[in-house]
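Below is one structure, written out as structure tokens; comments come after it.
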Amino acid sequence: MNIHTYEKTWLAVAMVLIVGFIATVTYGAVGPGIAMIDDDGGSIDPDTINDDERFSETGVTHVGGNEYEANIVAQAWSYSPSEITVPANSEVTFYVTSRDVTHSFTVVGTNINTMVVPGEVSQMTAEFDEPGEYGILCNEYCGEYHHTMEGKLNVVPEDEFDMTEVSADAPDEAELGNETTITTTVSNGMQDELETTATLEIGDQTVEQDVTVPADGSEDVEFTVDTTELGTDDHDWTVTVDGHEDSGTLTVTDGSEGGDGDA
Ligand code: CUA
């Protein structure tokens, strides 16, 4: 049987196309560097999200080195938290689940785009090399206010990123002549020890104390305040640690009226 040259040519072209299509589809599924959203994140009962270790406290946690985890809950019509901040040069694994209906978690301008199905935890890892701001939005129609469902991802320069939290606690009042204490709690969200200085300013006094906070822990710093030096009045105070501050007012009262101070 003799096959016409044109027919042979078209046969060959058709074969090349078929092989090309199969190769494209295969590469898109299992090619190097291509990851499918799968059930790695596991399943979850949407009614017990608040009790789940990962989602009871949503937000960013430090895993170690340049690795972070972001735990996010989607619900009609918002993300919790609505704003995520991570440092540049980081590798972030997102775990996203839904409290109600199917949503999506889409970070505009990146390849982070996943459906968020109630009962499932969507997991994906991305690297952020440069500082920048990205919008987060929902791509799955999820009801009346679907179009308002959005969030924000901030990638900040490494030296601007920190997970330190500071809160200070002091009595509102102290009697003249007594000592009183302002307790400052420094929480360290990183998996590395934090060495820093806490500064108390009250009246015209400034007191500094060095503090070492263990990885992923917290430490109390106690400032002892001498009320005699301050005198009777309202005294505003501020505690500062690495740019974080907390403040309040201490009223020093005259203890002479029925006070049992030993001044
Ligand atoms: Cu959530 Cu659309």
_Evaluate Thr184 against Asp246 for side chain to side chain contact (heavy atoms under 4.5 Å, CB included), listing each step before the verdict._
CA-CA 9 Å; Thr184 303; Asp246 198 0; over 6 Å; no
_If you apply the rule side chain to side chain donor-acceptor pair (under 3.5 Å), what do you find for Thr249 with Asp236, and how did you get there?_
CA-CA 4 Å; Thr249 305; Asp236 291 336; 2.9 Å; yes
*In sequence, state the C-alpha distance, the side-chain angles, and the governing distance for Trp77 and Glu144, and then conclude on side chain to side chain contact (heavy atoms under 4.5 Å, CB included).*
CA-CA 9 Å; Trp77 290 278; Glu144 196 181 353; 4.3 Å; yes
_side chain to side chain contact (heavy atoms under 4.5 Å, CB included), that's the test. Do Phe128 and Val92 meet it? Break it down for me._
CA-CA 8 Å; Phe128 297 95; Val92 183; 3.9 Å; yes
*Apply side chain to side chain contact (heavy atoms under 4.5 Å, CB included) to the pair Trp237 and Glu201, showing each step before the final yes or no.*
CA-CA 6 Å; Trp237 55 265; Glu201 287 174 87; over 6 Å; no
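Summarising the local packing, CD of Glu83 is surrounded by more than 12 heavy atoms from other residues, nucleotides or ligands at distances under 6.0 Å. Around CD of Glu165, the count of heavy atoms belonging to other residues, nucleotides or ligands within 6.0 Å does not exceed 12. With a 6.0 Å radius and a threshold of 12 heavy atoms from other residues, nucleotides or ligands, Asp204 has its CG atom at or below the threshold. By the 6.0 Å contact criterion, CG on Asp172 is open, its count of non-hydrogen atoms from other residues, nucleotides or ligands being 12 or less.
Asp254 and Thr232 share no donor-acceptor pair across their side chains, judged by distance under 3.5 Å alone. Looking at Gln75 and Asp100, their side chains never bring a donor and an acceptor atom within 3.5 Å of each other. At a cut-off of 3.5 Å, with distance as the only test, no side-chain donor of Asn71 or Thr58 sits close to an acceptor on the other residue. When only modelled atom types and interatomic distance are considered, Thr93 and Thr125 share a side-chain donor-acceptor pair under 3.5 Å. Asp242 and Thr196 are linked by a side-chain donor-acceptor pair at a separation below 3.5 angstrom, with hydrogens and angles left out of the test.
The heavy-atom pair separating Pro171 from Thr181 by the smallest distance is CD-O, 3.5 Å. Scanning both residues, Pro214 and Glu219, for their nearest heavy atoms gives CD-OE1, 3.8 Å. Taking each heavy atom of Met149 and Ala74 in turn, the nearest pair found is CE-CB, 3.9 Å. When all heavy atoms are compared, the tightest approach of Ser122 to Val116 is OG-CA, 4.1 Å. Closest non-hydrogen pair, Glu130 versus Val155, comes out as O-CG1, 3.2 Å. The two residues Val117 and Ser98 make their nearest non-hydrogen contact at C-CB, 4.1 Å.
Counting heavy atoms from C-beta outward, Val207 and Val225 have side chains that stay 4.5 Å or more apart. The side-chain heavy atoms of Gln123 and Phe94, taken from C-beta on, include no pair separated by under 4.5 Å. Counting only heavy atoms from C-beta outward, the side chains of Phe223 and Gln209 approach each other to under 4.5 Å. The closest side-chain heavy-atom distance from Met190 to Asp216 is not below 4.5 Å. In this structure, the side chains of Pro46 and Arg99 stay at 4.5 Å or more apart for every pair of heavy atoms. Counting heavy atoms from C-beta outward, Tyr141 and Thr102 have side chains that stay 4.5 Å or more apart. At least one side-chain heavy atom of Thr227 sits less than 4.5 Å from a side-chain heavy atom of Thr180. Counting heavy atoms from C-beta on, the side chains of Asn113 and Asn139 come closer than 4.5 Å.
Partner of Leu194 under the side chain to side chain contact (heavy atoms under 4.5 Å, CB included) criterion, out of Val241, Asp162, Val186: Val186 alone.
Hydrophobic clustering places Leu17 together with Trp10 (ILVMFWY residues linked when any side-chain heavy atoms are closer than 4.5 Å, directly or through intermediates). In the hydrophobic clustering of ILVMFWY residues, with side-chain heavy atoms under 4.5 Å counting as a link, Tyr79 and Tyr145 come out together. Residues Ile84 and Leu137 do not share a hydrophobic cluster, defined by chaining ILVMFWY side chains whose heavy atoms lie under 4.5 Å apart. Cluster membership check: Val101 does not share its hydrophobic cluster with Ile49, using side-chain heavy-atom separations under 4.5 Å among Ile, Leu, Val, Met, Phe, Trp and Tyr.
Here the CZ-CD1 distance, from Arg54 to Ile44, works out to 6.5 Å after rounding to the nearest 0.5 Å. Note that the OG atom of Ser167 and the CG atom of Asp220 stand 8.5 Å from one another [nearest 0.5 Å]. Atom OG1 in Thr199 sits 4.0 Å away from atom CD in Glu208 (nearest 0.5 Å). In this structure, CD1 in Ile182 is found 10.5 Å from OG in Ser247, a value given to the nearest 0.5 Å. Note: Thr106 OG1 to Ile136 CD1 = 9.5 Å, rounded to the nearest 0.5 Å. The OG1 atom of Thr85 lies 10.0 Å from the CE atom of Met163; values are rounded to the nearest 0.5 Å.
Panel note: side chain His62, backbone Gln191; a donor-acceptor pair is recorded below 3.5 Å. Judged purely by atom type and a 3.5 angstrom limit, Thr24 uses its side chain to pair as donor or acceptor with the backbone of Gly20. Judged by distance alone, the side chain of Thr251 and the main-chain N or O of Glu173 form no donor-acceptor pair under 3.5 Å. A donor-acceptor pair is defined here as one N or O able to donate and one able to accept, closer than 3.5 Å; no such pair exists between the side chain of Asp226 and the backbone of Leu230. The backbone N or O of Asn89 sits nowhere less than 3.5 Å from a side-chain atom of Glu127 that would complete a donor-acceptor pair.
In summary, the aromatic rings of Phe161 and Tyr68 are positioned with their centroids under 6.0 Å apart.
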